[in-house]
**Q** 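Please find one structure pasted underneath; my questions will follow.
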Amino acid sequence: MAPWGYSKENGPATWHKDCPIANTGVRQSPIDLITTGQTCAKYDSNLKPVIVSYPAFSEATFLNNGHSVQFQPSAGNLSELSGGPLTKKYKFEQFHFHWGNNDSEGSEHRVNGKMYPAELHLVHWNSESPNFSSFQEAVGSNDPHALCVLGFFLKVGAENASLKPITDLLSKVKNAGSSVSFPGKFDLKAVLPETLTDYYTYDGSLTTPPLAECVKWIVFKEPIEVSTAQMEAFRAVDDGHGKPITGNYRPPCPLHTRTVAASFK
Ligand SMILES: O=C1NC(=O)[C@@H](c2ccccc2)S1
Ligand SMILES: [Zn+2]
């Protein structure tokens, strides 16, 4: 089968052919985060703020892999995640984005059915597990919380100066398969809201093949603002088939018996 993507021929509705878990899995991601009614997110007063330790990255590769753009620091990076619903310390692996070709679509998670124009994913793996010692091993480990992904919605507003070094680089990785070494330092902490207190959390999966059900998801309530120009820069990145990557988001999956916890009322 042609490699997976987001077109009619190789998009989310076809992924089950190579990844049966797409249709048989009971903890697939993303989901629609419902805030009222029966299956709504339930406030859990035990949920603490998420703690990130993200010293500015000094060496990283920025890559267009044909289905997203990802920022991957060199192996020596010491960035870590803990707190929130987590009982272990997680190591930062990479961040990437999902976006649409207009402002009414693009995020993977939804809130009461509403999509945001984009979603930022910060991918981490449990660095304290005796069962694996790398991101790739974590993905294949069958550990229910091998990974933790922080999700931040993007909404259109003022220009985001902290993300500008990233959005200014998009034109340099326009062609699928192209990558650049990130010039200078990048301060990811400056991109995030000050306090990481208000979030939804639930057990889910990777949102792309292999769709492994190994992710503790933490999706923050507060969106990050970016300008229209910055959104347009994402929409100019090509997918390797002469078309821009647009709509690299998977539709929401059934909740099944899962519950979603909220760290806020
Ligand atoms: O949160 C996710 N977003 C994605 O594109 C999926 C993924 C798959 C492999 C590596 C990193 C991320 S899982
Ligand atoms: Zn993602």
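Keep in mind that what you see is a predicted model, and the values were worked out from it rather than measured. Just follow the structure's listing: the first ligand is 1, and inside any ligand the first atom is 1.
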**Q** Going by the order shown, which atoms of ligand 1 are within less than 4.0 Å of some heavy atom of His121?
**A**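 Numbered from 1, ligand 1 contributes 1 (O), 2 (C), 3 (N).
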**Q** Can you check whether Ser205 has an N/O within less than 3.5 Å of an N/O in ligand 1?
**A**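 Such a contact does not occur with ligand 1.
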**Q** In the protein, which heavy atom is nearest to atom 10 (C) of ligand 1, and how far is it?
**A**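 Looking at atom 10 (C) of ligand 1, the protein heavy atom closest to it is Phe135 CZ, 3.7 Å.
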**Q** Mind checking whether Glu93 contacts ligand 1 via backbone (N, CA, C, O), side chain (CB onward), both or neither, at a 4.0 Å heavy-atom cut-off?
**A**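 For Glu93, no heavy atom sits under 4.0 Å from ligand 1.
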**Q** With distance as the sole criterion, is a donor-acceptor pair present between the side chains of Ser263 and Tyr200 under 3.5 Å?
**A**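 Tyr200 and Ser263 do not have a side-chain donor-acceptor pair below 3.5 Å.
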**Q** Which residue and atom name correspond to the protein heavy atom nearest atom 11 (C) of ligand 1, and how close is it?
**A**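 I find the closest protein heavy atom is Gln94 NE2, 3.3 Å.
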**Q** Classify the contact between Leu206 and ligand 1 as side chain, backbone, both or neither, using a heavy-atom distance cut-off of under 4.0 Å.
**A**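 It is both backbone and side chain that touch ligand 1.
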**Q** Tell me the contacting part of His67 for ligand 1: side chain, backbone, both, or neither, using a 4.0 Å heavy-atom threshold, strictly below.
**A**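 It is neither; nothing of His67 touches ligand 1.
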**Q** Quick one: look up the protein heavy atom nearest atom 2 (C) of ligand 1 and list residue, atom name and how far away it is.
**A**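 Here the nearest protein heavy atom works out to Thr207 OG1, 3.5 Å.
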**Q** Report yes or no: is the cationic atom of Lys172 (NZ for Lys, CZ for Arg) closer than 6.0 Å to the six-membered ring centre of Phe62, at no more than 45° off its axis?
**A**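 Not satisfied by the 6.0 Å and 45° rule.
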**Q** Among all the protein's non-hydrogen atoms, which is closest to atom 9 (C) of ligand 1, and how far away is it?
**A**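 That would be Thr208 OG1, 4.3 Å.
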**Q** Please list the nearest protein heavy atom to atom 12 (C) of ligand 1 with its residue and the distance rounded to 0.1 Å.
**A**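 So the nearest neighbour among protein heavy atoms is His96 CE1, 3.7 Å.
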**Q** Is Tyr249 touching ligand 1 with its side chain, its backbone, both, or neither, if touching means heavy atoms under 4.0 Å apart?
**A**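 Looking at Tyr249 and ligand 1, no heavy atom falls under 4.0 Å.
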**Q** Quick one about Thr207 and Glu108 (side-chain donor to acceptor, distance below 3.5 Å, no hydrogens or angles considered), yes or no?
**A**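 Indeed, the side chains of Glu108 and Thr207 share at least one donor-acceptor pair under 3.5 Å.
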**Q** Under 3.5 Å, is there a donor-acceptor pair linking the side chains of Ser227 and Glu159?
**A**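 No, because no side-chain N or O of Ser227 sits under 3.5 Å from a partner of the opposite role on Glu159.
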**Q** Could you tell me whether the side chains of Glu9 and Ser7 share a donor-acceptor contact shorter than 3.5 Å?
**A**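 Present: a donor and an acceptor within the cut-off.
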**Q** Taking atom types as modelled, find out whether Tyr249 and Glu105 have a side-chain donor-acceptor pair closer than 3.5 angstrom.
**A**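 Present: a donor and an acceptor within the cut-off.
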**Q** Taking the six-membered ring of Tyr90, is NZ or CZ of Lys88 closer than 6.0 Å to its centre and within 45° of its axis?
**A**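 Geometry flag: not set, cation outside 6.0 Å or 45°.
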**Q** Residue-level breakdown please: for Trp217 versus ligand 1, do any non-hydrogen atoms fall below 4.0 Å on the side chain, on the backbone, on both, or on neither?
**A**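 Near ligand 1, Trp217 shows its side chain, while the N, CA, C and O stay back.
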**Q** Heavy-atom distances under 4.0 Å decide this one: backbone, side chain, both or neither, for Gln70 against ligand 1?
**A**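 Neither; no heavy atom under 4.0 Å.
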**Q** Please report the closest heavy-atom contact between Leu33 and Phe153, naming both atoms and the distance.
**A**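 That closest heavy-atom pairing would be CD1-CZ, 4.4 Å.
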**Q** Parallel, tilted or perpendicular: which one describes the rings of Phe57 and Phe92, with boundaries at 30° and 60°?
**A**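 Judged by the thresholds at 30° and 60°, the geometry between Phe57 and Phe92 is tilted.
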**Q** Please calculate the NE2(His96)-the Zn ion (ligand 2)-ND1(His121) angle and round it to 10 degrees.
**A**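 Computed angle, vertex at the Zn ion (ligand 2), rounded to 10 degrees: 110°.
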